[in-house]
Structures are given as structure tokens and as C-alpha cells.
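Heads up: the structure comes next, in C-alpha cells.
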There are 2 protein chains.
Amino acid sequence: MPLAPHQLGTYFALSEAVNLLQHAVEQQLRAEGDLSLIQFELLARLADAGRLSMTELADGVVYSRSGLTYQAGLLEKAGLITREPSPDDERATLVTITPDGLERVQRVLPGHVEIVSRMLFSPLTEQDTAELGDIMTRVRDHMRASPPRSSIRKRKARDSR
Amino acid sequence: MPLAPHQLGTYFALSEAVNLLQHAVEQQLRAEGDLSLIQFELLARLADAGRLSMTELADGVVYSRSGLTYQAGLLEKAGLITREPSPDDERATLVTITPDGLERVQRVLPGHVEIVSRMLFSPLTEQDTAELGDIMTRVRDHMRASPPRSSIRKRKARDSR
DNA sequence: TATTGTTATACTCTATAACTATA
DNA sequence: TATAGTTATAGAGTATAACAATA
């Protein structure tokens with residue numbers, strides 16, 4: 001089924017707007033907190049959850065395990081997180097945010113929020129925001145429920161080893 | 001002004017969904033056409049416009065000039081575009097898509113469209129799509145009209161040299 | 001055997017600054 | 001002086017495969 005013309009326009013506007021927003025946010029995080037977007041997301045998740053295993057931390061960040069190890073290494077070297085073996089499962093590593101890490105998140109959060117408010121929400125009514133949230137929540141849940149073919153391929157390839 | 005709770009949820013759903021979609025699209029473009037998303041976007045713009053200067057090509061792709069030169073170098077080496085000096089303005093470089101480049105775009109387009117249809121649009125009604133398009137078009141135009149502070153800083157820095 | 005995580009490695013991408021040439 | 005584009009270079013991010021250790 002080909003895309004209808006209005007679908008194409010919707011897709012382009014969506015991609016372009018999110019790219020512009022992410023680009024602006026990356027500049028802000030780098031300037032005010034010396035953090036990449038992914039590092040901020042990891043810290044924000046930890047600030048919310050307190051302590052997570054590497055696998056839990058990777059969930060939702062769409063990341064290879066080695067990539068997460070790399071980023072965790074940077075954050076640990078910067079003193080923003082600590083890693084320790086889990087007592088429950090000795091294969092697992094528990095990641096904890098440090099006071100410095102919390103301080104860093106709090107430092108960049110106002111600027112982050114200000115940009116998102118100004119760029120994304122300022123031209124929207126409350127009803128727009130609610131509709132957008134409803135639509136994108138449905139889309140996200142749909143995507144999470146039906147993984148792309150690449151994941152299926154990977155699972156099949158792994159299964160047939 | 002802090003974000004209202006429902007704004008935060010909207011922002012997260014939006015970011016996460018677009019990230020998942022882009023990740024899937026990148027896998028598909030790489031697998032079926034050996035192209036990065038940016039290379040595909042550049043080729044698609046050229047397929048539509050036929051011939052563009054480097055500056056025109058950069059518009060909308062949010063890219064440093066050197067980054068565009070790098071990507072154009074890759075595409076030219078792959079035989080998908082050609083570059084030639086402009087007769088009108090000898091500083092400018094005109095970029096043209098080759099028959100091979102067009103063929104490459106056409107090769108990956110069906111898979112691309114299929115993924116976007118399945119991941120983004122399949123859980124949406126026509127009205128959802130229209131609303132999403134309307135909202136994101138407004139947001140995108142707003143972002144384009146009011147550039148982020150970093151651009152202002154750059155202009156001011158340049159002006160005061 | 002499967003899972004958790006790390007390491008080694010190679011590659012891609014991106015940004016900055018310096019540079020050339022034209023307007 | 002400003003603009004179009006390239007180059008050199010350095011750093012960051014990413015992915016794959018091989019690996020060790022535990023479940």
C-alpha cells in the first residue's frame with residue numbers, strides 16, 4: 001500500500017520537527033551540562049529509578065549492549081554513575097546515579113524544559129497537546145508491540161545457530 | 001514555565017516513536033540500498049529537484065557544510081551523483097543525481113514506504129493522520145520561523161568579528 | 001545452552017578551523 | 001568583505017564479533 005500524499009506530508013513534518021528539536025536540545029545539553037542526549041537520557045532514567053541493571057537501562061534507549069557499556073564507562077569516569085555487581089544475579093551490573101549525577105541532571109533540566117516548551121508546545125493549544133500525546137502514545141505502543149523485521153531476523157539468526 | 005505532566009508524556013512518546021521509526025528505517029535503507037538515512041534524504045531531494053547547489057541541498061538537512069561535502073564525496077564515489085561548477089556562479093557546485101542514483105532511490109523506496117506505513121500509520125485513522133499532520137506542520141513552521149538560541153549566538157559571534 | 005556484560009576493533013559520522021576562489 | 005565549498009584533523013558514536021563468567 002503506497003502512502004497517500006497527506007501521509008507523506010505528515011511523515012516529513014514529523015521527522016523534520018523532531019530532528020530540529022533534538023538538534024537544539026543536543027546543543028543545550030552539551031553547552032550547559034557537557035552531556036550528549038543519550039547520556040542525559042540515561043542519567044534521567046537513573047534519576048527517576050535510582051538504580052538499574054545495564055539491561056534495564058538499555059531498554060527504551062534502542063542501543064547495542066557495547067554502546068551502552070561505552071556510554072556507562074564515560075559516565076562512570078565522569079563520576080556521574082557507579083557500577084557494581086548485583087548481589088542477586090552475579091552476571092548483572094547495577095548502575096547507580098551519584099549525587100554529582102543528580103546535580104548534573106538538575107542543572108540541565110531547566111534549559112531542556114525551556115527549549116521543549118518554546119519549540120514544541122508554544123504553538124499548540126492544550127487540546128493539540130492532548131491529541132498529539134494520544135496519537136503518539138498509540139503509535140509508540142504499536143511500535144513496541146510489533147518489532148521491526150530486523151529484530152525478527154536477528155532472533156531467527158540467533159535461534160538457528 | 002515548567003512542563004505540565006501531560007506535556008512531558010507527549011514529549012516522551014513523540015521522541016521515542018520517532019527514534020524507533022528512524023532506527024527501523026536506517027536498518028532497511030542500509031540492508032536494501034547500502035544507504036544511510038541522510039544519504040537517502042539527499043538523494044530523494046535530488047530525485048525530486050533534479051539538480052541543486054550544495055547550499056540548496058543542505059537546507060533542511062541541518063548539516064554543517066563540511067559534513068555535506070563528506071556525504072557528497074561518498075555519493076559521488078559511489079556514482080550516485082555528479083558535481084560540477086555552476087556556470088552562473090563559479091563559487092557554487094551543482095549536484096546532479098545520476099541514473100544509478102535514481103535507480104537506488106527507486107530500489108529502496110518501496111521498503112521505506114512499507115515501514116512507515118506499518119509502523120507509523122497503521123494504528124491511525126485518517127482523521128488522526130490529518131490532525132497529526134496539521135499539528136506537526138504548525139510546529140515545524142514555528143521552529144523554522146524562530147531559530148534556536150545557538151543560531152543567534154553564532155550570528156552575533158560572526159557579526160562581532 | 002542462554003544470558004549479562006565487557007573488550008577489541010574498525011568504521012562512520014560530525015564539527016571546527018584553516019584555506020582557496022569567486023562575488 | 002562576504003559567500004561557496006573543500007580539506008585536514010580530531011573526536012565521538014556505533015556495530016560486530018569474540019570473549020569470560022554466571023544462570
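Just so you know, these numbers use all the heavy atoms, side chains as well, and skip hydrogens, waters and symmetry mates. Chain letters run A, B, ... following the sequence lines, proteins first, then strands; residues in each count from 1.
At whole-Å resolution of the value, CZ in A/Arg65 and P in D/dA18 are 13 Å apart. Remark: C1' of D/dG13 and CD of A/Gln22 are 15 Å apart, rounded to the nearest angstrom. Rounded to whole angstrom, the span from the CD atom of B/Glu26 across to the P atom of C/dT12 amounts to 15 Å. One interatomic measurement links the two molecules: CG of B/Asp59 to C1' of D/dG5, which rounds to 15 Å at whole-angstrom precision.
Side-chain contact between A/Leu80 and A/Val105 is absent, with no heavy-atom pair separated by less than 4.5 Å. Side-chain contact between A/Gln71 and A/Glu41: absent, with no pair of heavy atoms (C-beta onward) separated by less than 4.5 Å. Using a 4.5 Å heavy-atom cutoff, the side chains of B/Asp34 and B/Arg104 are in contact.
For A/Glu90, the salt bridge (charged side-chain N to carboxylate O under 4.0 Å, His left out) criterion is met by no residue, not counting sequence neighbours. Shown here are the side chain to side chain contact (heavy atoms under 4.5 Å, CB included) partners of A/Glu56, two or more places apart in sequence or in another chain: A/Leu52, A/Ser53. Here A/Asp59 pairs with nothing under the salt bridge (charged side-chain N to carboxylate O under 4.0 Å, His left out) rule; sequence neighbours left out. Under the side chain to side chain contact (heavy atoms under 4.5 Å, CB included) criterion, B/Thr82 pairs with B/Thr96, B/Thr98, not counting sequence neighbours. Judged as a side-chain hydrogen bond (donor to acceptor under 3.5 Å, both in side chains), and not counting sequence neighbours, the contacts of A/Arg83 are A/Glu76. Residues meeting the salt bridge (charged side-chain N to carboxylate O under 4.0 Å, His left out) test with A/Asp134, sequence neighbours left out: A/Arg138.
If you check the side chains of B/Glu26 and B/Gln22, you find no donor sitting under 3.5 Å from an acceptor.
Heavy-atom distances under 4.0 Å link DNA chain C to B/Tyr70, B/Gln71, B/Leu74 of residues 67-80 of chain B, given in residue order. Annotation: proximity of residues 83-98 of chain B to DNA chain C (heavy atom, distance under 4.0 Å) is found for B/Asp89, B/Glu90, B/Arg91, numbered in ascending order. Near-neighbour residues of DNA chain D inside residues 33-45 of chain A, defined by a heavy atom below 4.0 Å, number-ordered: A/Ser36, A/Ile38, A/Gln39.
A salt bridge links B/Arg107 with B/Glu103: at least one charged nitrogen is closer than 4.0 Å to a carboxylate oxygen.
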I'd like a table of donor-acceptor pairs (distance under 3.5 Å, sequence neighbours excluded) in which one partner is a side-chain atom from residues 10-18 of chain B, with atom names and distances.
| unit_1 | atom_1 | unit_2 | atom_2 | d |
| --- | --- | --- | --- | --- |
| B/Thr10 | OG1 | A/Thr129 | O | 3.4 |
| B/Thr10 | OG1 | B/His6 | O | 2.9 |
| B/Tyr11 | OH | A/His112 | NE2 | 2.8 |
| B/Ser15 | OG | B/Tyr11 | O | 2.9 |
| B/Glu16 | OE1 | A/Arg140 | NH1 | 3.3 |
| B/Glu16 | OE2 | A/Arg144 | NE | 2.7 |
| B/Glu16 | OE2 | A/Arg144 | NH2 | 2.5 |

Polar-atom pairs under 3.5 Å, protein N or O versus N or O of nucleotides 8-10 of chain D: list them with distances, or write none.
none

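Taking only side-chain nitrogens and oxygens, A/Arg30 comes nearer than 4.0 Å to OP1 or OP2 of D/dG13.
Cluster partners of B/Tyr70, by chain and number: B/Leu74. The rule joins Ile, Leu, Val, Met, Phe, Trp and Tyr whenever side-chain heavy atoms lie under 4.5 Å apart.
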